[in-house]
**Q** 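Have a look at this one before I ask anything.
Letters A, B, ... mirror the listed sequences (proteins, then strands); counts begin at 1.
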Amino acid sequence: MTPAELSSTVVSAIRDATTAGELDIAVPETVTIERPRSKEHGDYASNVALQMAKAARRPPREVAEILATRLRTVPGIQGVDVAGPGFLNFRLAASAQGELARRIVESGERYGHGDAQAGLRVNLEFVSANPTGPIHIGGARWAAVGDALGRLFEACGADVTREYYFNDAGRQIDAFAESVFAAAHGEEAPQDGYVGAYVSEIAAEVVQRAPGVLDKSREEQLEIFRREGIELMFAAIKRSLADFGTHFDVYVNERDLHVRGELDQALERLRAEDHVYTRDGAIWLRTTDFGDDKDRVLVKSDAATTYFLADAAYYLDKQLRGFELCLYMLGADHHGYIGRLRALAACFGDDPDRTIEVLIGQMVNLSSGGQPVRMSKRAGTVITLDDLVDAVGVDAARYALCRASVDQTLEIDLDLWARRTQDNPVFYVQYAHARIASLLRNSAEMGIERGLAEAFQPGLLAHDRESDLLGALGEFPRVVAQAAELREPHRVARYLEGLAGTYHRFYDDCRVLPLGDEPVTELTRARLWLCEATRVVLAGGLGLLGVSAPERM
RNA sequence: GCCCCCGUAGCUCAGCGGACAGAGCAUUGGACUUCUAAUCCAACGGUCGCAGGUUCGAAUCCUGCCGGGGGCGCCA
């Protein structure tokens, strides 16, 4: 019996009790079932009686007793206690609990997937770094978390589009072109320009690709360094992301929106909706009507369009492509964007509470040898995604970035994450998977099969460690659904660490394969089902984070 | 000045109102003729920043303060 099944069983009990006149209350759609921290409180617990007591105008313990009496007769439930202020504590029959192992093995990688976000057309926009330099560590955080979020949404049935938006026009790009130009001529980068080894590398590569470029006029050179530089830089960015295991479905750039006339269309639309006015020669959007702190300029007094107008066109573009929800994942330094993005949606007639969500990721700090690794854009000592991967590998990098809430300023100790020891959480989890894989290989070599599903005897998995493990496995679907709903992939990582620990403890106490000339028993086979079920969940969970599940380590 | 994030064990952090607040690391002491000891067990360790409020019940929700980090542009 899964927690979800137990939940609906309790709902049925409430319905029956109201029908029988024992309770006078509206029947809830679902009730909360949780794994109690303490083993004394049974396998599962529910606070439903406490929550319904007031509406039922009865003491909580009395409500709990009414439900307990009915629930005690349900097959698979071994016992129901009323405890404390009115908790219902359930003990499941070993067979009802062990049954889960078969279910997981048969579901395979689909176990844990659900339909909580079924059909939702969601747009995830993340990283979105301009091609003026490599992906830095802040972008890396979203490359990991945004990608994991996409996997989570898909696991919950959503229709996901991963999108990368960038500017290939504008002042940043001008500065980049001038910096590459300067580097090609052995000159200092201009004020507000870009520095770092990659600028010189790109300059050299452009010169190689376009022989004779240095003999052309300054204007022609700038144009070539701009065009070729962007192309090389963007190719490098895409390579970094691909090596990192993060893929995008759609790349959108401002220039295309411009070329297709989408900025003009957006402006006309906003004008038609009467949200636009002119002041000091500039064209403004009245975002303060929708909660922004100040109105925003769409077209500057020199007739140049702002990035904000491009943002407007881009939002409209997403709306027209039929997305019901647009998620923006931004760095902490962009939190000021939230108000204007929401106002934008409202100006286009949408309800921002429904169509827009902005996730803000706090900063990432790195340390090595106990000393902080400081970034300086001016000195060109920017820590990049590639640097992180070089230092700790893709799996550890993704896991480290996904492991913490994005609300938390993240501290990454490069020495720790490069280590192949138990201090390193990703190895702790991966090791559990490799350990199971090894055990299953051994069993295959010994010619021991877990056998047909029909022959599986779930009731044999009655050891405390087995019960703990089954309980943990039963939590996975809920963890996945909750992580997607809250947009918090770190919950999956934390869950996996707990599951790995629970498995290691089981492994320590419960011998699976026969020793010496011991016979193969039904318990041996039942435990093989349990081991395979655990392997499936570990692999599935790691997969949601884009981290590999090694067969050997 | 205004806005956002954080404050939980020595350290890094979990914990979208529920039972005596958890994990890993660190420290101390144990467990390998046997399925991967890259593991496990035990001990130690807390005024959940402070003060009010809401609630049967608050680390969790609300308000105010204190401390740390980040941000405020006709920049991108």
**Q** When we call it a touch if two heavy atoms are under 4.0 Å apart, what does Arg552(A) touch: a base, just sugar-phosphate, or nothing?
**A** base

**Q** Does the side chain of Arg37(A) get closer than 4.0 angstrom to OP1 or OP2 of A19(B) through an N or O atom?
**A** yes

**Q** Determine the contact category for Glu497(A): base if any of its heavy atoms lies under 4.0 Å from a base atom, sugar-phosphate if only primed atoms, P, OP1 or OP2 are that close, otherwise nothing.
**A** nothing

**Q** Would you say Asn424(A) places a side-chain N or O within less than 4.0 Å of OP1 or OP2 belonging to G24(B)?
**A** no

**Q** Identify whether any heavy atom of Ile173(A) sits under 4.0 Å from a base atom; if not, whether one sits that close to sugar-phosphate; answer base, sugar-phosphate or nothing.
**A** nothing

**Q** Using a 4.0 Å heavy-atom cut-off, does Asn130(A) contact any base of the nucleic acid, only the sugar-phosphate backbone, or nothing at all?
**A** sugar-phosphate

**Q** Check every strand shown and say whether Gln430(A) touches a base, only sugar-phosphate, or nothing at a heavy-atom separation below 4.0 Å.
**A** nothing

**Q** For Pro425(A) and Trp284(A), take the nucleotide of RNA chain B holding the closest heavy atom to each; which residue's nucleotide lies nearer the 5' end?
**A** Pro425(A)

**Q** Mapping Phe308(A) and Gln51(A) onto RNA chain B by nearest heavy atom, which one lands closer to the 5' end?
**A** Gln51(A)

**Q** With sugar-phosphate meaning primed atoms plus P, OP1 and OP2, does Glu254(A) contact a base, only sugar-phosphate, or nothing at under 4.0 Å between heavy atoms?
**A** nothing

**Q** Classify the nucleic acid contact of Arg505(A) as base, sugar-phosphate or nothing, counting any heavy atom under 4.0 Å across all strands shown.
**A** sugar-phosphate

**Q** Would you mind classifying the nucleic acid contact of Asn89(A) as base, sugar-phosphate or nothing, using non-hydrogen atoms under 4.0 angstrom?
**A** base

**Q** What is the nucleic acid contact for Ile360(A), judged by heavy atoms within less than 4.0 Å: base, sugar-phosphate only, or nothing?
**A** nothing

**Q** Looking for any heavy atom pair under 4.0 Å, which part of the strands does Glu40(A) touch: base, sugar-phosphate only, or nothing?
**A** nothing

**Q** Would you kindly check whether a donor in the side chain of His504(A) faces an acceptor in the base of C40(B), or vice versa, at under 3.5 angstrom?
**A** no

**Q** Can you tell me whether the base of C5(B) sits syn or anti, using the 90° cut around 0 to define syn?
**A** anti

**Q** Pick from Leu67(A), Val63(A), Thr32(A), Val11(A): which one makes a side-chain contact (heavy atoms from CB on, under 4.5 Å) with Val48(A)?
**A** Leu67(A)

**Q** So, is Arg296(A) close to the C74(B) phosphate, meaning a side-chain N or O under 4.0 Å from OP1 or OP2?
**A** no

**Q** Taking only side-chain nitrogens and oxygens of His334(A), does any of them come within less than 4.0 Å of OP1 or OP2 of C4(B)?
**A** no

**Q** Treating a pair as Watson-Crick (purine N1 to pyrimidine N3 plus N6-O4 or O6-N4) or G-U wobble (N1-O2 and O6-N3) with both distances under 3.5 Å, list the stems of 3 or more consecutive pairs that involve RNA chain B.
**A** B:1-7 with B:66-72, B:10-13 with B:22-25, B:27-31 with B:39-43, B:49-53 with B:61-65

**Q** Report the relative orientation of the aromatic rings in Tyr165(A) and Tyr314(A); use parallel for angles under 30°, tilted for 30 to 60°, perpendicular for over 60°.
**A** parallel

**Q** Regarding Thr421(A), tell me which of base, sugar-phosphate or nothing describes its non-hydrogen contacts under 4.0 Å with the strands shown.
**A** nothing

**Q** Do Phe290(A) and His275(A) have ring centroids that are under 6.0 Å from one another?
**A** yes

**Q** Respond yes when some side-chain nitrogen or oxygen of Arg491(A) is under 4.0 Å from OP1 or OP2 of G15(B), and no when none is.
**A** yes

**Q** Mind checking if Asn442(A) touches a base, just sugar-phosphate, or nothing, with heavy atoms under 4.0 Å?
**A** sugar-phosphate

**Q** Under 4.0 Å from OP1 or OP2 of G73(B): is there any side-chain N or O of Lys294(A) that close?
**A** yes

**Q** Dump every N/O contact between nucleotides 25-28 of chain B and the protein below 3.5 Å, one line per pair.
**A**
from	atom 1	to	atom 2	distance (Å)
C25(B)	OP1	Gln422(A)	OE1	2.9

**Q** Once you apply a heavy-atom cut-off of 4.0 Å, does Thr306(A) come out as touching a base, just sugar-phosphate, or nothing?
**A** nothing

**Q** Can you tell me, in whole Å, how much space there is between the P of G1(B) and that of G57(B)?
**A** 37 Å

**Q** Quick one: does Ser38(A) reach the base of C20(B) with a side-chain donor-acceptor pair under 3.5 Å?
**A** yes

